[in-house]
Amino acid sequence: MSAQGLELQHVGYKKMTKVILNDISVKIPLGRLVVLLGENGVGKTTLMRVISDLNKGYQGKVCLNGVSDERRKSLISFSDNLSSFRSKISLNDVIAFYQQGYPDFDLQRVNELLNFMRIDPLQRLGSLSKGNREKFVIALTLARRTRLYLLDEPLSGVDIFSRDKIISSLVKWIDNDSLLLISTHHLSELEQVIDDVLILKDQTMLEYRNVEDIRQQEGLSVEEYYRQTYLEH
Amino acid sequence: MGVAGLAISLFWPLGMLLKLGVNRSFWTSFAIGETVIAFILLGIGFICLFASINQVWLSNRFRLLPASTSQLYFSNLLMKTAGFLLIIGLLALIDFALSGLILRNWLMTPIEFQRAISKATFSMTDVMNVVVSFVDAMVSLIVELTFLLILTETLENFVAEKYQRLVGVVSFIVLLFLFSFVDEKISNLISNDIVSVTSVLFDAVVVILCIWASIYLLKNWVESRK
Amino acid sequence: MEITKFKANLPIYLQVSDLLAERIIRGSYPVNSKVPSVRELAEELTTNPRTIQNALKELIDAQILITRRGQGNFVTADRSKIVELKQQRVKQKTAEYLDSLQPFLSWNEIITAVEKEIAKRREQ
């Protein structure tokens with residue numbers, strides 16, 4: 001079972017002549033909660049889009065549980081911003097679309113999540129506030145029972161109380177057979193629930209490291225360590 | 001949209017009625033009008049059809065689904081075309097039928113109408129020819145235009161963002177012109193008949209090539225918008 | 001909902017195992033009883049299940065917790081182990097306390113200060 005998990009081999013991505021990602025190689029086993037760090041525009045979203053096969057023409061290889069062609073999409077749940085849904089559509093109709101489109105979509109789980117985040121599925125998508133829309137996206141993304149969850153800046157508009165609640169629930173929804181990759185600017189709130197950090201800088205991967213190792217070996221919090229390594233290199 | 005179309009095709013004559021009163025010129029314009037409306041609806045319907053087919057390639061919502069590119073391609077084309085035929089086809093049929101009805105009941109005497117009908121001889125081969133050429137034209141139109149739109153999206157990737165729209169429109173027009181020019185030239189070389197086995201075969205080969213190329217481009221080049 | 005916040009610059013599994021050890025000493029997890037599962041603890045303390053596993057492993061290695069196959073982890077029935085744990089705690093905490101004062105206070109000053117503080121608290 002050596003192929004279990006996410007493996008990137010020399011992954012790169014260009015837009016015309018502009019390099020956006022360059023030669024990223026990493027192996028992340030299942031059962032991990034990984035935070036993707038890096039300043040704005042460093043390619044975090046692009047990396048997630050490459051992994052979920054939305055961006056085409058990338059170099060290198062993306063392999064998830066041994067699947068490296070487009071079939072890997074069935075193993076990935078990516079937090080779509082739902083911009084291609086009409087704003088008048090009700091949340092229930094969006095949920096129905098997901099239920100029809102994804103065989104692994106768990107209706108009970110989405111209802112539990114929405115209930116827990118206090119979101120009424122009878123509302124229209126366009127009437128949601130920024131924070132509630134993000135919560136809805138999180139619920140849809142986590143409601144699939146799949147291997148890799150990609151959450152792109154899921155918490156930027158969510159208030160601090162809900163953020164704490166959601167973060168503590170992340171632990172509950174991820175099991176040993178799945179992997180969660182989350183990009184965020186709210187690192188300190190996530191510090192005690194994550195396993196590893198993956199740091200991007202200058203279009204490539206600076207480091208992939210276990211957070212307990214950072215605390216033990218460097219005596220630093222992840223945030224301090226991130227700041228330090230980012231400025232050093 | 002279907003309801004709107006139906007409303008236009010039924011209420012438009014009412015306006016005419018008020019303006020002209022019931023006489024021969026009313027019925028003439030009614031009959032012509034229904035035919036024109038049928039064609040306009042078909043035109044608008046086609047534009048909407050291609051816009052909505054193309055939208056699917058560009059949205060995360062559909063590109064994230066756990067389906068292969070060819071599955072996405074075929075189900076998109078089939079579903080959209082079926083929907084199109086259902087709404088627009090039905091409307092056009094109603095409008096054409098209406099104009100035919102008027103022609104028969106108010107503009108021609110029954111004897112004139114019968115004579116006109118009997119002049120047209122329908123044989124089995126004629127019907128077959130019409131059906132085959134209709135299906136051929138329909139499939140070619142949808143597959144080939146879809147391919148040209150996909151090709152345009154691909155080309156847009158190679159220019160800076162601010163020029164994408166302009167390049168898209170221009171290259172689509174150029175491609176459309178080039179494609180139909182070449183297609184017609186080759187088609188004429190192969191056969192002079194409009195409906196013949198060779199020309200249908202040629203169309204089928206072009207369609208298959210377009211499908212293959214479309215799927216290839218979708219799989220490797222065309223990205224959803226952020 | 002209360003979130004247990006740990007120090008961000010120390011390994012969290014060590015802090016969790018400290019916390020669990022304190023609960024055992026205090027008797028929140030009595031002798032011979034089952035401690036909550038990894039998942040329950042992870043949820044309660046808002047940490048990663050792997051962190052909890054590592055914390056439990058520390059206590060299992062120290063024979064404070066005993067794993068019963070298929071049933072989970074239990075506090076040891078051997079009271080002497082817990083007494084030992086408590087003494088270790090006392091030693092460790094005292095050492096930390098003294099380390100923090102020693103640079104600027106003499107032994108006698110520390111003893112006087114401690115005695116005064118205890119007397120004050122007893123009155124309250």
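So that the names make sense, note that chain A is the first sequence line, chain B the second, and so on, each numbered from 1. Values below: all heavy atoms of this structure, side chains included; hydrogens, waters and symmetry mates excluded.
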Original post:
Got a sec: does the NE2 of A/H185 have more than 12 other heavy atoms crowding it under 6.0 Å?
Top reply: yes
**OP:** Measure the spacing between CG of B/L65 and CD of A/Q100 and express it to the nearest 0.5 Å.
**Re:** 10.5 Å
**OP:** To the nearest 0.5 Å, tell me how far B/S59 OG sits from A/L82 CG.
**Re:** 11.0 Å
Original post:
Which atom names give the shortest non-hydrogen contact between A/P103 and B/P66, and what distance separates them?
Top reply: CD-CG, 4.1 Å
Original post:
Would one find more than 12 heavy atoms of other residues, nucleotides or ligands at under 6.0 Å from atom CE of B/M138?
Top reply: yes
**OP:** Go through the atoms of A/R72 and report whether side chain, backbone, both or neither lie under 4.5 Å from a heavy atom of chain B.
**Re:** neither
**OP:** Kindly give the heavy-atom pair with the smallest separation between A/M16 and B/F158, and that separation in Å.
**Re:** SD-O, 3.2 Å
Subject >> Trace of the side-chain hydrogen bond (donor to acceptor under 3.5 Å, both in side chains) decision for A/S83 with B/R61 >> reply: CA-CA 8 Å; A/S83 61; B/R61 175 183 171 182; over 6 Å; no
Original post:
How many angstroms lie between atom CG of B/L64 and atom OG of A/S74, to the nearest 0.5 angstrom?
Top reply: 12.0 Å
Original post:
With only heavy atoms counted, which part of A/F85 is less than 4.5 Å from chain B, the side chain, the backbone, both or neither?
Top reply: both
**OP:** Tell me yes or no: between the side chains of B/R225 and A/S84, is some donor less than 3.5 Å from an acceptor?
**Re:** no
**OP:** Answer yes or no: is there an ion pair linking B/R63 with A/E70, defined by an N-O contact shorter than 4.0 Å?
**Re:** no
Subject >> Crowding at CG, B/N220 (>12 non-hydrogen neighbours, <6.0 Å) >> reply: yes
Original post:
Given that the side chain runs from C-beta out, which part of B/L217 has a heavy atom under 4.5 Å from chain A: side chain, backbone, both or neither?
Top reply: neither
Subject >> Atom pair NZ/OG of A/K73 and B/S68 - distance to nearest 0.5 Å >> reply: 8.0 Å
**OP:** For chain A, find which of B/N60, B/V222, B/L58 contributes the most heavy-atom pairs closer than 4.5 angstrom.
**Re:** B/N60
Subject >> Residues B/E223, A/K15; criterion salt bridge (charged side-chain N to carboxylate O under 4.0 Å, His left out); working and verdict >> reply: CA-CA 11 Å; B/E223 297 176 349; A/K15 196 93 203 172; 3.1 Å; yes
